[in-house]
Amino acid sequence: MIWDDVQKNTGTMESQLKKLGASCDWTRFKFTLDPKIIGVVYKTFKKLYDQGLVYRGERIVNYCPRCGTAYSQLEVDYVERDDELYFLDYGTVTIATTRPETIFADVAVAVNPKDKKYKNLVGKTAKIPLINREVPVIADNLVDVSFGTGALKITPAHDPTDFEIGQTHKLPLLKVIDEKGRMTGTPEKYIGMKAEDARVEVVKDLQEAGKIKKIEKIHHLVGTCYRDHGALEPTVSKQWFVNVKPLAEKSLEAIKNGDVKITSKHFEKIAVHWYKNLKDWNISRQIVWGIRIPAFRCEKCLEWTITEGETPSQCSKCNSTSFSQDHDTFDTWFSSGQWPFATLKTNKKGDFEKFYPTSVMETAYDILPFWVIRMIMLGLYETGKVPFKDVLLHGLVRDKEGQKISKSKGNVIDPIEMADRYGADALRMGLVWGALVENDISLSEENINAQRKFSNKIWNAARFVLQFDKEAPKNIGFKVKMTAIIHETSKHLDKYRLNQAAELLYAEFWHWYCDVCIDDAKKGEIGSKELKWGLETFLKLLHPFMPFVTEKIWELTGNKNLLISAEWPKGLPKT
Ligand SMILES: [Zn+2]
Ligand SMILES: [Zn+2]
């Protein structure tokens with residue numbers, strides 16, 4: 001079922017790209033779940049595992065009880081929220097928390113070693129209210145002295161900072177909220193309650209027991225699910241992790257050496273920041289749709305065997321032959337992070353050797369931390385080379401008021417509809433127009449329509465030039481100016497200033513070539529041969545932006561080869 005849908009949608013996407021004039025080599029088309037691609041992904045996973053860079057660990061993960069899956073650090077959407085901060089009586093000390101329902105999972109109370117007021121408390125115990133369990137008071141630098149009372153309840157199974165403190169002090173993990181977001185392992189009355197309902201109950205019980213000293217309002221950041229926007233539940237779970245530190249270090253080096261260039265200092269800084277702060281990468285996802293992790297667990301001794309996809313024949317530890325495969329699938333960025341080498345290694349023979357590293361990676365800037373930095377890490381790891389030399393990031397398409405395009409705002413501009421109405425060339429020019437690197441793109445129907453007029457202008461000018469037949473003395477000024485346009489355009493394109501190239505060509509074709517040169521030709525100052533050379537040169541320069549109209553006119557000029565494979569114009573030789 002899903003497979004059929006994907007096949008159908010892949011076809012739609014492919015035909016949309018073709019319609020918009022993407023000049024890809026379609027004979028090398030690859031689908032993300034192509035068995036050969038999966039084979040490469042498995043190989044990389046096994047290699048990482050064999051080299052100790054993949055491990056199974058109990059780690060705190062950002063779990064969405066509604067989606068039923070864990071998300072990586074990158075996928076957490078932090079939103080500001082107003083909550084209540086409860087000051088609870090722990091006997092020897094008062095602690096502050098926004099999550100009183102997790103007190104049953106407390107394993108310690110921590111204070112900052114520099115905090116003088118608690119100096120004598122470290123090494124003693126505190127008592128969890130309602131259950132009266134004693135926990136040690138420990139000292140750790142991660143405790144923020146200015147938060148609450150400066151004493152923190154430590155719940156390693158349900159909070160990322162507490163988890164770290166727990167690791168340092170070798171504290172046990174106690175879990176009181178399960179995968180479905182319900183209470184477990186608590187006093188009987190809360191078991192099975194949803195965590196948010198349990199909070200209300202626990203607060204009531206704490207109040208009755210006289211254990212709440214005060215309640216304050218707090219404005220803070222809460223991690224939410226980027227899909228359903230509900231709160232995420234930090235929880236401990238067994239997952240597959242990649243130890244990213246060695247991979248991130250190599251990537252940082254590649255950026256420093258200039259092996260890979262991000263064509264904007266601003267985004268280079270962002271990439272560097274990510275590399276320096278990446279935590280181990282959780283690559284397990286609890287979703288059915290994806291590449292299933294080739295990890296097999298021995299049903300007898302529970303030992304894991306990692307393969308390149310095939311079920312192992314025998315457990316190396318106990319010789320058992322019964323295995324069950326992990327149900328989890330790979331984080332999609334783990335497989336798409338291998339795209340540059342995976343596609344080239346599974347395509348035509350010699351492609352990898354010929355085309356890797358590729359030249360430019362072009363994508364929207366919002367995907368930089370998800371995709372681009374992972375492609376660099378995995379490309380370097382698997383091939384020893386960066387996957388691409390330049391990274392060109394473009395902005396997000398917004399409407400003419402600069403608003404995000406969304407269905408609810410009713411400002412969606414359907415590219416296919418626009419291409420049908422105004423032509424793909426006009427849409428392409430409309431998108432490039434004003435598209436500065438780092439900035440979002442304001443797209444409007446008026447703008448696309450203006451480019452349709454430009455397309456008509458080219459067509460009408462060409463029709464005139466192709467039937468024009470008049471001799472004139474050599475006009476060196478015309479050729480000099482044309483040469484300058486070629487050089488200027490090439491310079492912009494080499495620096496990825498696509499918008500400037502497009503705007504230059506628009507202005508020069510319209511206001512110089514059409515308004516001035518065609519007029520001069522009519523007056524006998526430019527001959528038909530030169531005028532035609534000028535037209536063909538403009539066609540070459542405009543082809544990357546407007547492939548359809550330029551290719552059609554090129555055909556009418558009597559050229560036998562396709563314009564797309566014509567040589568880039570040079571102009572007059574430099575003197
Ligand atoms: Zn969710
Ligand atoms: Zn075994």
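Counting starts at 1 for both ligands and their atoms, following the listed order.
- Around the Zn ion (ligand 2), the angle linking C318 (SG) with C301 (SG) is 110°, rounded to 10 degrees.
- Within a 6.0 Å radius of NZ in K189, more than 12 heavy atoms belonging to other residues, nucleotides or ligands are found.
- Between E75 and R285 there is a salt bridge, since a side-chain N of the basic residue sits under 4.0 Å from a carboxylate O of the acidic one.
- Distance alone, capped at 3.5 Å, places no donor-acceptor pair between the T97 side chain and the Y86 backbone.
- With respect to K204 and E208, no salt bridge is recorded, no charged nitrogen being found less than 4.0 Å from a carboxylate O.
- Under a 3.5 Å cut-off, the side chain of Q286 and the backbone N or O of A70 do form a donor-acceptor pair.
- Residue-and-atom listing of protein N/O/S atoms under 2.8 Å from the Zn ion (ligand 1), sorted by chain and number: C64 SG, C67 SG, C225 SG, D228 OD2.
- Remark: side-chain polar atoms of R59 are not paired, donor with acceptor, to backbone N or O of K238 under 3.5 angstrom.
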